[in-house]
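Computed from heavy atoms alone, side chains included, the values below leave out hydrogens, waters and symmetry copies. Residue numbering restarts at 1 for every chain, and letters A, B, ... go by the order of the sequence lines.
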Amino acid sequence: MVSDGAPAGGGEDGDRPDGQAPGERLSRMRHSAAHVLAEAVLELFPEAKYAIGPPIENGFYYDFDLPRPLTPDDLTQLERRMRRTVKANVPIEGRQIPKEEARALFSDQPYKLELIDEIEGETVGHFRHAEFDDLCRGGHTERTGDLGAFRLDRVAGAYWRGDERNAMLQRIYGLLFETPAELDAYLEAREEAERRDHRRLGRELDLFHLDPVSPGAPFYHPRGTVLYNALVDYMRELYVEYGYQEVITPQLFAADLWKTSGHYDNFSEDMFLFGEEGSELGIKPMNCPGHCHYYRTRLYSYRDLPLRLAEFSRLHRNERSGVLSGLTRARSFAQDDAHIYCTPEQFEAEVVSVFEMSERVYSDLGLEDWQIRLATMPEEKFIGEPEDWRRAEALLAAAVRGAGREFELAPGEGAFYGPKLEFHLRDALGRSWQLGTLQVDLGMPARFGLTYVAADGAEHEPVMLHRAILGSLERFLAIYIEHTAGAFPLWLAPVQAVVIPIADRHAAYADEVRSQLAARRLRAEVDGSGNRMNAKIREAQLQKVPYMLVVGDREAEARAVSVRVRGGGDRGALPLDEVVARLAEERDTRALAGLGAAAP
RNA sequence: GCCGGCGUAGCUCAGUGGCAGAGCAGCUGUUUCGUAAACAGCAGGCCGAGGGUUCGAGUCCCCCCGCCGGCUCCA
C-alpha cells in the first residue's frame with residue numbers, strides 16, 4: 001500500500017503512522033494506557049511485581065515480574081479488562097507524596113522501592129486511578145476513558161533496567177494511536193513492511209539466502225552478486241573522482257596487530273580469535289588496523305596527504321547468537337570502508353568532502369531524507385584522553401555546521417577509538433536506519449606510531465578518519481531492498497530486461513535481441529519457457545524486471561520490440577536500435593525511472 | 001547470551017497418538033498463444049538433529065541446532 005510510485009523521497013505527507021515523535025497528547029494517552037495495563041495485570045496476577053511502563057514510538061509497554069510466562073490468551077483477557085477500565089472512565093489523579101509514604105504504599109513492590117531510593121528530593125510522584133497506584137513522574141490524560149485506539153501487541157523479555165546482570169522481566173507491548181484509522185494505518189504499514197522484508201524478497205527474487213551451515217553469513221546467488229557488485233563498482237567510480245585508492249589487506253592477522261590497535265582489549269568479545277598463545281590469530285572485524293599497518297610501509301611528506309585508503313574486504317564479527325537478523329545484522333559482511341590520513345589543517349576539508357560524496361551517493365540511490373547524529377565519548381570503553389575527545393567532538397560539530405547541516409547529539413555512543421557522525425536515512429516506509437558513519441580516530445595513529453614530515457621538517461602525527469557511506473553492504477542491501485520493494489533502478493537491476501518471444505518461431509529473433517543488448521553490456525534474458533506470453537509477463541513483473549521486450553511476427557519483421565515498462569505498462573513497438581540505446585542511456589545516467597514512466 | 005514463539009516437499013501451509021497431505025514451483029506431454037497465471041499427467045519427504053515415553057510418535061517429554069519477535073549490542 002505504501003507506493004514507491006511517487007518520485008523517490010518526495011510526496012510524503014509527513015503524517016506517517018510511525019517514525020514521528022509522538023505529540024504531547026498522544027504521549028499522555030500512551031502513558032495512561034500503560035497504567036491501565038498494569039492495573040489489569042495486577043488483577044489477573046495479584047502477586048505480580050510491576051517495574052516501569054513508559055510511552056514509546058507507536059504505543060507503550062510495561063515490564064512485569066510474573067509467576068508464569070504470558071500466553072496470547074492472557075493478552076486477550078488483559079485487553080478486555082483494559083477496555084472495561086476505559087469504559088468506566090475514572091479520573092487519573094496525581095500528586096507528590098513523601099518518600100516514606102511511598103515506601104509504605106509500595107512495600108511489597110521491590111522495583112518501585114528501588115526507584116524511590118534513586119529519585120532525588122524528599123517527595124515522589126504518585127498517580128492513582130480506581131484502586132491502582134503507581135510511582136510516576138506524570139504526563140497523563142485526565143481520565144481512563146481517553147485512551148484512543150489501542151491493542152496489546154506482543155510479549156518480550158526485557159532485563160530490569162536494561163542490564164543483563166539483572167532479572168529478566170516480561171514486557172508487554174501495546175500499540176496506541178489517537179484514532180482507530182491511525183492504528184489501522186500503522187498495522188497496514190507493518191503488513192507492507194512484512195511483504196517487503198528483505199529476507200522474503202531475497203528468496204523471491206533469488207538474490208541471496210541465509211543458511212544454518214553458516215549462521216549470519218549470506219550466500220549471494222548470481223542475481224544478488226550482480227547487485228552487490230554493481231554497488232561496489234559504483235563506489236569505485238566515485239573513488240576515482242574523490243581521490244581514494246583501493247587496497248586489499250589480509251583477512252587474518254596475528255594477535256599482536258589487534259593488541260597494537262586496541263581491538264584485543266576493547267573488541268575481542270566480538271572477534272573470531274583462535275590458535276595458541278604466542279601464535280594467536282584473529283579474523284579482521286574492521287579494516288583500520290590493516291590500513292594503519294600499511295601506512296607504515298613508507299615515509300610521508302605533508303605533500304602526500306591526505307591519503308585515502310579504501311577497501312571492500314569481507315569482515316567478520318562474532319555477534320551473539322540472539323542478535324543476528326537477516327542482512328541487517330550479520331556475522332560476515334563488507335563495508336564501503338575507507339580511512340583518511342590527513343594533516344590537522346586538512347581535517348575540515350576532508351569532512352566536507354565526505355559529506356559531499358555522501359550526499360551524491362544517497363541522491364543517486366533515491367534516498368533523500370537523512371539526518372546526522374554526533375555520537376560522543378562512551379562512559380566505559382574508550383582510548384585516549386577525554387580532552388582530546390572533546391576537541392574532536394567540537395571539530396566534527398563545527399564541520400557539520402560548516403556544511404550547512406544540523407545534527408542531533410547521541411551522548412556516549414561513540415566508538416571506543418573516537419567520536420563519530422552517523423548518517424541516518426529514512427526509507428519508503430518511514431523507518432530510520434543508520435547507514436554511513438564518519439569517525440575521528442584518537443588512538444590508532446599513536447598506537448601504530450604513524451607520522452608525516454611537515455613543512456617545519458619535524459615529524460607530526462596525522463589525523464585519522466574512518467568513513468563509510470553505504471555502511472555495510474549487507475545492511476545497505478537489506479534497507480534498499482525494502483525501500484524499493486525489490487524494484488531496483490535499471491543500473492542496479494540484476495536482470496535489466498527480459499525478452500519475451502510470443503511463440504517458438506520467434507526464438508531466433510528473441511536471441512538476437514538479447515545479443516544486441518548484451519553487446520552494450522545490458523543484462524538481458526530470453527524467457528524460453530513454454531508458457532504463454534501472459535504468464536511470461538507475469539513472471540517478469542513479479543521478478544521486478546525493469547523492461548519486458550515482447551517479440552512476435554510484427555517485431556521480427558520490423559526489427560523492433562514491443563516495450564513494456566515495469567510499473568508503466570505497454571509502451572508499444574519501438575525500433576530495436578533505439579531501445580538498446582535508450583536502455584544504455586538510462587543505465588549510464590543512473591536514472592531512477594525509465595522511458596518517462598513513473599518509478600515502479 | 002537471556003525471555004517468549006516457531007521448525008512438515010524448493011516456497012506457502014494443513015495434519016493433536018494409528019497408512020505423511022494440498023496449492024504454487026519442478027519435470028513430461030499437448031497447446032504456439034499479443035501485455036499479470038493454457039490443459040493433462042508424473043515425480044517430489046531423515047516431519048531440523050539426537051535421546052526418551054509408548055504396541056505405535058510429525059503429534060507427548062528431554063537436550064541440541066537454527067529461525068522469528070524482544071532485551072543487550074551494533075555496520
Report yes if a side-chain nitrogen or oxygen of [X] is closer than 4.0 Å to either non-bridging phosphate oxygen (OP1 or OP2) of [N]; otherwise report no.
X	N	answer
A:R320	B:C71	no
A:R171	B:C2	no
A:R200	B:C11	no
A:K536	B:A37	no
A:R566	B:A36	no
A:T437	B:A75	no
A:Y173	B:G4	no

- request: In whole angstrom, give me the gap between the C1' atoms of B:G7 and B:C47.
  value: 10 Å

query: When you check the side-chain N and O atoms of A:Y234 and A:D364, is any donor under 3.5 Å from an acceptor?
result: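 Present: a donor and an acceptor within the cut-off.
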
task: Answer with yes or no whether the side chains of A:R564 and A:Q541 bring together a donor and an acceptor at under 3.5 Å.
output: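 A:R564 and A:Q541 do have a side-chain donor-acceptor pair below 3.5 Å.
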
- prompt: Salt bridge check: are A:R571 and A:E578 linked by an N-O gap of less than 4.0 Å?
  reply: no

field: Pair A:R467 + A:E350, salt bridge at N-O below 4.0 Å
entry: no

- request: When you get a sec, tell me which of B:A75, B:C11, B:U32 is the closest nucleotide to the side chain of A:D504?
  value: B:U32

Minimum-distance nucleotide (side-chain atoms of A:R317 versus B:C33, B:A75, B:G69):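 Selected nucleotide (nearest to the side chain): B:A75.
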
